[in-house]
Protein chains: 2
Amino acid sequence: MDTTNTKSETLADQAYDALAKSIVSGELAPGARILEVELAERFGMSRGPLREAMRRLEERRLVERVSQRGVRVVRLTGPKLHGIYKVREALEGMAARLSAQNMADDEIAELREMLEAHERYVRQSDDYSQNQQDWDFHDRIARGSKNEMLVSLLSDDLYQLLKIFRNQHKSKRGRARRAVEEHWRILAAIEDRDPEMAELMMRRHISAALAVFEPSWAEDAAQRDQADTADWPDLKPEGD
Amino acid sequence: MDTTNTKSETLADQAYDALAKSIVSGELAPGARILEVELAERFGMSRGPLREAMRRLEERRLVERVSQRGVRVVRLTGPKLHGIYKVREALEGMAARLSAQNMADDEIAELREMLEAHERYVRQSDDYSQNQQDWDFHDRIARGSKNEMLVSLLSDDLYQLLKIFRNQHKSKRGRARRAVEEHWRILAAIEDRDPEMAELMMRRHISAALAVFEPSWAEDAAQRDQADTADWPDLKPEGD
DNA sequence: CCCCCACGTAATGTCAACATTTTTATCATT
DNA sequence: AATGATAAAAATGTTGACATTACGTGGGGG
């Protein structure tokens with residue numbers, strides 16, 4: 001973790017950036033406790049700014065806090081991931097629709113180039129998992145919508161959250177190629193300036209991804225149920 | 001503002017709740033500066049927990065912070081509101097779809113009763129503006145989706161944000177009645193357990209609301225352009 | 001062997017003081 | 001009257017100390 005060479009101005013903001021990066025990169029694993037005293041020593045700052053940073057992370061849904069007990073990196077269950085994919089379907093469908101209307105011609109050309117590079121990679125790769133090129137494609141569509149709130153919700157919130165769980169996005173053989181084909185269909189609709197088709201293609205794409213990934217989430221859940229009771233016991237209601 | 005009689009445990013959480021309520025209720029007006037020292041005195045606590053609370057509000061998009069200069073209640077422009085309505089369309093369309101599938105029969109019955117009461121109110125009222133019954137209807141649909149992330153994004157984030165701008169939601173004569181009619185169509189589709197129709201009706205409803213409200217946002221923007229330069233001057237880029 | 005209690009340690013929550021930055025008010029000059 | 005400089009006041013950012021809560025371990029009793 002590195003708090004130097006960042007553009008943020010206050011220590012609290014620097015700590016937030018560094019922590020968010022560590023969480024999204026997996027360096028701080030899902031479920032990991034985040035101890036203020038330890039971080040204060042590591043970052044060379046007092047606990048105050050760290051607490052501020054962690055409050056921001058909390059509202060970004062990247063960490064979960066229990067009062068008086070501390071903060072840990074969020075863990076997502078199968079049902080929650082399912083819920084997030086439904087939200088993705090809605091938001092990204094709208095993003096594709098708006099991109100077909102609002103995306104600049106040079107942006108669309110760049111997107112085509114990116115997709116060509118992505119296709120070449122997938123043709124010569126055995127890598128099943130979702131990679132940065134996938135995320136870049138989706139990020140570009142979100143930004144192409146020219147809708148600030150959409151970008152914020154997708155690129156700043158949901159994609160960061162999902163990146164934590166890159167291991168939950170392992171596909172079946174062939175899915176990566178299929179995904180690229182679906183990307184082409186989305187791009188074609190955007191190039192055609194056809195909002196309805198763009199939305200339909202994007203929603204189908206997200207639905208298909210969900211169908212592929214979801215079975216493995218149930219398996220993961222079985223393993224996780226054991227670990228849960230071991231390290232963060234049920235909290236009793238504390239009065240009304 | 002009141003920090004007593006709340007269920008929150010830490011002072012920071014109490015302050016967050018109290019501040020969020022004040023912002024959403026309009027007591028703290030859009031654009032208002034939030035001064036730590038003043039609040040510390042009013043709430044009878046030190047500035048530390050207040051800073052934590054404000055960091056949470058920042059990520060909830062209810063306040064905007066400029067480093068070293070402070071925090072103010074968010075102001076929404078016409079284009080931003082437009083963007084939020086597009087996001088609403090997407091998310092609430094999905095919420096209605098999922099509610100048609102997942103909502104319990106007794107929940108649907110309650111929703112019907114609520115809508116009947118809402119209709120009676122509108123028939124005998126001259127009130128054009130969007131009221132709590134409207135929000136309650138939408139909140140119920142979001143919760144009926146049984147999708148945590150959808151509920152969080154809509155009911156915890158977007159609706160709170162939009163409530164700040166209740167004065168931006170003044171309608172034309174007759175819109176309130178029309179809205180109730182549209183609510184009936186949404187409910188009918190949910191009762192029929194017809195996800196496609198529920199989504200279509202909800203998306204049309206949000207689109208129609210946008211079409212009604214949006215013209216007045218442009219007028220508001222003209223007035224606001226003058227005020228902006230007066231009280232928060234342009235920030236110069238500070239290096240890279 | 002299991003449960004309960006007491007005590008010490010670790011971690012979180014808060015406070016007030018200090019450091020730094022920004023804003024405001026005042027005065028001098030043009 | 002307007003502008004610029006300076007000093008004081010106000011506000012934000014950070015620190016370390018203290019208060020409070022939670023956790024872990026050991027000892028004793030049933």
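So you know, we letter chains A, B, ... as the sequences are listed, proteins then strands, and number each from 1.
In this structure, A/L35 atom CG and D/dT21 atom P are separated by 20 Å, rounded to whole Å. In this structure, CE of B/M54 is placed 9 Å from C1' of D/dT12, rounded to the nearest angstrom. Look at CD on A/Q68: it is 19 Å from P on C/dA10, rounded to the nearest Å. Distance CZ (A/R65) to P (C/dA11): 16 Å, rounded to an integer number of Å. The separation between A/L39 atom CG and C/dA11 atom P is 12 Å, rounded to whole Å. Here the P atom of nucleotide D/dG13 and the CG atom of A/L50 are 15 Å apart, to the nearest Å. Between the CZ atom of A/R69 and the C1' atom of C/dT12 there is a distance of 12 Å, rounded to whole Å. If you take CZ of B/R51 and P of C/dC15, they are 15 Å apart, rounded to a whole angstrom.
The B/L11 side chain lies nearest to C/dC15 when the options are D/dG13, D/dT15, C/dC15. Which of C/dT12, D/dT14, D/dG13 sits closest to the side chain of A/S46 comes down to D/dT14. When distances run from any side-chain atom of B/S67 to the nucleotides D/dG13, C/dT14, C/dT12, the shortest one goes to D/dG13. Side-chain proximity of A/E36 to C/dT12, C/dT14, D/dT12: nearest is C/dT12.
Not less than 6.0 angstrom separates the ring centroid of A/F165 from the ring centroid of A/W217.
When heavy atoms are screened at a 4.0 angstrom cut-off, A/G48 is found touching base atoms of the nucleic acid.
Around atom CD of A/E107, more than 12 heavy atoms belonging to other residues, nucleotides or ligands sit under 6.0 Å away.
Distances shown here put every side-chain N or O of B/R55 at or beyond 4.0 Å from the OP1 or OP2 atom of D/dT12.
Side chain of A/N102 to backbone of A/S145: a donor-acceptor contact under 3.5 angstrom is found. Although no hydrogens or angles enter the test, the distance criterion places no donor-acceptor pair under 3.5 Å between the side chain of A/S22 and the main chain of A/E27.
With hydrogens and angles ignored, a donor-acceptor pair closer than 3.5 Å exists between the side chain of B/R47 and the base of D/dG13.
Here the rule is side-chain contact (heavy atoms from CB on, under 4.5 Å) with B/R60, and of B/I23, B/D157, B/L161 only B/D157 fits it.
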